[in-house]
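One structure is given below, encoded as structure tokens.
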Number of protein chains: 2
Amino acid sequence: MKKQAIEHTRLLALSLLAGEDMYGYQMIVELARRSNHTFDMKEGTLYPVLHGLEQEGFVEAYRKQAPTGRERKYYHLTRKGEHALREEEAAWKRYSGAVNDVLRGGAEAV
Amino acid sequence: MKKQAIEHTRLLALSLLAGEDMYGYQMIVELARRSNHTFDMKEGTLYPVLHGLEQEGFVEAYRKQAPTGRERKYYHLTRKGEHALREEEAAWKRYSGAVNDVLRGGAEAV
DNA sequence: TTGACATACCTAGAAATACTATGTATAATG
DNA sequence: CATTATACATAGTATTTCTAGGTATGTCAA
């Protein structure tokens, strides 16, 4: 009924690729696992985002044969992408920290 | 250039009203203060959200004269709204926890 | 061997959310 | 008296994510 709120798709995608190269389908499965199924990202969400990241030079794609004989499209995080990841992580920390401050009634300084 | 990502407007609005009744303009100023100016919510964002919350019965509005003589529209969190706030808070904790799990490379269970 | 299911990629259109821009009006201030 | 801050509001736009659909290949049970 209500749309699931996954707004930080880019951050999550970049983060997944930080450890190893992955292909789209794998990223979706991996994300569900790492988030204990809190995130159930849709293909219609991820693929356009990956294409965008590629256009911006944050990831590079290459095709590789799977052991099954099937071809997969792997994504590799570039140096530029690593930099973007660090920035997005910092933005997330700032953002989530601010939400928590507000929930606690404000970082009453002092 | 890039839009600021304030996605949890409802949660933030409900949270602000948890302590005391507030009017819209005050909420924007208060939110900026409590978040150390991380959140600079726009009136075009808040007012429609407040109207929605009112329609759902989460807040009740009443008009009151300010000491300045000017009329303000105060919002009060209803019992139903308090319940909604607790749910949104729980959702936020689940969501932010999951993001952090992914950033750390997954809640590898152990 | 064939039909179902999981894997694997992709895009178009709809829905949700927040922003920009604008309008109105009053109080305070220089 | 003009400008700025306060205070509320809406219309239209932009962005993000979802739904829904399409294509194709590998696996496995009946």
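These figures come from a predicted structure and were not determined experimentally. Each chain gets a letter, A, B and so on, in the order its sequence line appears, and its residues count up from 1.
Between the NE2 atom of A/His8 and the P atom of D/dT15 there is a distance of 17 Å, rounded to whole Å. Taking atom CD1 of B/Ile28 as the reference point, atom C1' of D/dA5 lies 13 Å away to the nearest angstrom. Remark: P of C/dA18 and CG of B/Leu50 are 12 Å apart, rounded to the nearest angstrom. In this entry the distance linking CE of A/Met41 with P of C/dA8 reads 18 Å, nearest Å. Summarising the geometry, the separation between CG on A/Leu46 and P on D/dT19 is reported as 15 Å, rounded to the nearest angstrom. Summarising the geometry, the separation between CG on A/Leu11 and C1' on D/dT16 is reported as 15 Å, rounded to the nearest angstrom.
Closest of all the heavy-atom pairs between A/Leu12 and A/Met41 is CD1-CE, 4.4 Å.
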Detail all sub-3.5 Å separations between protein N/O atoms and N/O atoms belonging to nucleotides 24-29 of chain C.
residue	atom	partner	partner atom	Å
C/dA25	N3	B/Arg70	NH2	3.4
C/dT26	O2	B/Arg70	NH1	2.8

Find every protein N or O atom lying less than 3.5 Å from an N or O atom of nucleotides 8-12 of chain D, and list the pairs.
residue	atom	partner	partner atom	Å
D/dC8	OP1	B/Lys73	N	2.9
D/dC8	OP1	B/Lys73	O	3.3
D/dC8	OP2	B/Gly24	N	3.3
D/dC8	OP2	B/Tyr25	N	2.8
D/dC8	OP2	B/Tyr47	OH	3.1
D/dC8	N4	B/Glu43	OE1	2.9
D/dA9	OP1	B/Lys73	NZ	2.7
D/dA9	OP2	B/His51	NE2	3.0
D/dT10	OP2	B/His51	ND1	3.4

Legend entry - Trace of the ring-ring contact (aromatic ring centres under 6.0 Å, His included) decision for A/Tyr62 with A/Tyr75: CA-CA 7 Å; A/Tyr62 58 95; A/Tyr75 288 93; 8.6 Å; no
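Ion pair A/Glu89/A/Arg94 not flagged as a salt bridge, since none of the NZ, NE, NH1 or NH2 atoms sits closer than 4.0 Å to an Asp/Glu carboxylate oxygen. Between B/Glu56 and B/Arg10, at least one side-chain nitrogen of the basic residue sits less than 4.0 Å from a carboxylate oxygen of the acidic one, meeting the salt-bridge criterion.
Sorted by first and then second residue, the salt bridge (Lys or Arg N to Asp or Glu O under 4.0 Å) pairs involving residues 70-87 of chain B (not counting sequence neighbours) are B/Arg63-B/Glu71.
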